[in-house]
Amino acid sequence: MLEQFFELDKHLMELAQKAEDRAKDAFARIDEIAAYNEAKVLRAFIKNGVSESHFKGSTGYGYDDRGREVLDAVFADVFGAEDALVRHNFVSGTHALATALFGVLRTGDKLVSLTGAPYDTMEEVIGIRGEGNGSLKDFGVSYEEVPLTSDGTPDLERIPEAVRDAKVAYIQRSRGYSLRPSLTVEHIGELVQAVKSGNPDAIIIVDNCYGELVEKNEPLAVGADLIVGSLIKNPGGGIAQTGGYIAGRKDLVELCSYRLTTPGMGKEVGCTLNQSRELFMGLFWAPSVVANAVKTSVFALSLFQLLGYEVYPKYDETRTDIIAAMKLNTAEALTAFCRGIQKGSPVDSFVTPEPWAMPGYDSPVIMAAGAFTLGASIELSADAPLREPYAVWIQGGLTYTSGKAGILLAAQSMLEQGLISIKQ
């Protein structure tokens, strides 16, 4: 069908059919999880009595904003949390994570990352990079990392001792700009047990970005204390225009709210303007949209594995996030892939992506993202720092058909430049 609308090589389409056929079992698993999560979200809406009155935005201080309060309660139920802080004021996932860390940590405390180096944009928040910019380091919070093992997984044996005097143990669920495996909720549970064996009082915070609603449970179900994420990724369902969330223990969520607003006011203030309806609707659609994104990812992995590339994870592996990584080996292949993704975007398809010095990153980054919401990685996008091993990270896909088209146009772009060949 797609070849009726796009110029796609005949042999590429034959390979695409093979890639899709062998992914049928993976697709069935994704659909089953989506159905479970759709029912869970619906129950949360019904339990909390969501009504049209909750969609009306407040102004000024936002006192007694029932929509804001009910939205927090719905998110808390969906994620299995005691409480949640869901706000359009969060400008990114990094902002929400920084709010959580600054909300919980104090001068003299120690933060330990259990998953090696954090995502690039967290480096300046922590103080690994940059000086005098108001980082955790500047405020007297020390930081350590537990290096990953040789196979890219957390070192369970070293964690208990590493967190002995830590206030916060930090887990990044997704792979970020690395090729390590993303962490399943079950694996996060193993990390939680390792932390508790060394320090029962440690607060466990999970960067949950890209992982929400990919599995039936969230990290709070296996003992994490806080989970944090962005609404222009999974839980916003491609509808939320901005925002983020923090969910988990009620006392910790309250501390985080003091950081977002002011001590003593916390969650009780903050107008919602006209954002509430989109945040409710985004969460309602999220399980279905996340399923489409994971299917797009599985198709891409299956296709590029058949083309001979190293892919992470394998197309038929259990999924815990929407991200796929593929080693394209050269800057030329990486650039061609991203430009093909852009050509298949519903917005700005005519734009030619170029590497640029993106704020928060230490290498030039090329990003293909023709999205309805700028930077919304629940919509099909591809990005990568231009550095070895020239891997590309793809995520998103509001619908499977549009996501599949984008992946095929990326492969077609590489084919037209002689960067790949298809055995006939």
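Hydrogens, waters and symmetry mates are skipped; everything else that's a heavy atom, side chains included, is used.
Enclosure of atom NZ in K137 is not indicated, since only 12 or fewer non-hydrogen atoms of other residues, nucleotides or ligands lie within 6.0 angstrom. Residue-environment remark: NZ (K250) stays at or below the threshold of 12 foreign heavy atoms within 6.0 Å. Under a cut-off of 6.0 angstrom, the local environment of CD in E186 is sparse, with at most 12 non-hydrogen atoms contributed by other residues, nucleotides or ligands. Enclosure of atom CZ in F284 is not indicated, since only 12 or fewer non-hydrogen atoms of other residues, nucleotides or ligands lie within 6.0 angstrom. No more than 12 heavy-atom neighbours from other residues, nucleotides or ligands sit within 6.0 angstrom of CG on L374. Around CD of E157, the count of heavy atoms belonging to other residues, nucleotides or ligands within 6.0 Å does not exceed 12.
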Should T153 and T149 be marked as a side chain to side chain donor-acceptor pair (under 3.5 Å) after you check the CA-CA gap, both sets of side-chain angles, and the distance that decides it? CA-CA 5 Å; T153 58; T149 61; 2.9 Å; yes
Run the side chain to side chain donor-acceptor pair (under 3.5 Å) test on S297 and R319 for me, step by step, so that the C-alpha distance in whole Å, both residues' side-chain angles and the decisive distance to 0.1 Å come before the verdict. CA-CA 10 Å; S297 176; R319 296 302 296 268; 3.0 Å; yes
Between R164 and E161, does the salt bridge (Lys or Arg N to Asp or Glu O under 4.0 Å) criterion hold? Intermediate values first, please. CA-CA 5 Å; R164 193 79 63 188; E161 182 59 35; 2.9 Å; yes
Where do F304 and F337 land on the ring pair (Phe, Tyr, Trp, His ring centres under 6.0 Å) test, with the steps shown first? CA-CA 11 Å; F304 274 79; F337 181 94; 5.4 Å; yes
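Between Q395 and the options D383, T296, D321, N234, a side-chain contact (heavy atoms from CB on, under 4.5 Å) holds for only D383.
No salt bridge links R43 with D77; every basic N to acidic carboxylate O contact stays at or beyond 4.0 Å. The residues R339 and E354 are annotated as salt-bridged, a charged nitrogen and a carboxylate oxygen being separated by less than 4.0 angstrom. Using a 4.0 Å cut-off between a side-chain N of Lys or Arg and a carboxylate O of Asp or Glu, D31 and K295 qualify as a salt bridge. Taking a cutoff of 4.0 Å between a charged side-chain nitrogen and a carboxylate oxygen, K233 and E212 do not qualify as a salt bridge. Ion pair R387/D120 flagged as a salt bridge, since at least one NZ, NE, NH1 or NH2 atom sits closer than 4.0 Å to an Asp/Glu carboxylate oxygen.
Under the side chain to side chain contact (heavy atoms under 4.5 Å, CB included) criterion, D251 pairs with R249, not counting sequence neighbours.
The cationic atom of R22 (NZ for Lys, CZ for Arg) lies less than 6.0 Å from the six-membered ring centre of Y315 and within 45° of the ring axis.
Considering all non-hydrogen atoms of both residues, W393 and A325 come closest at NE1-CB, 3.5 Å.
For Y400 and F27, the ring centers sit closer than 6.0 Å to each other.
For residues 197-246, the pairs satisfying ring pair (Phe, Tyr, Trp, His ring centres under 6.0 Å) are F79-Y245, with sequence neighbours left out.
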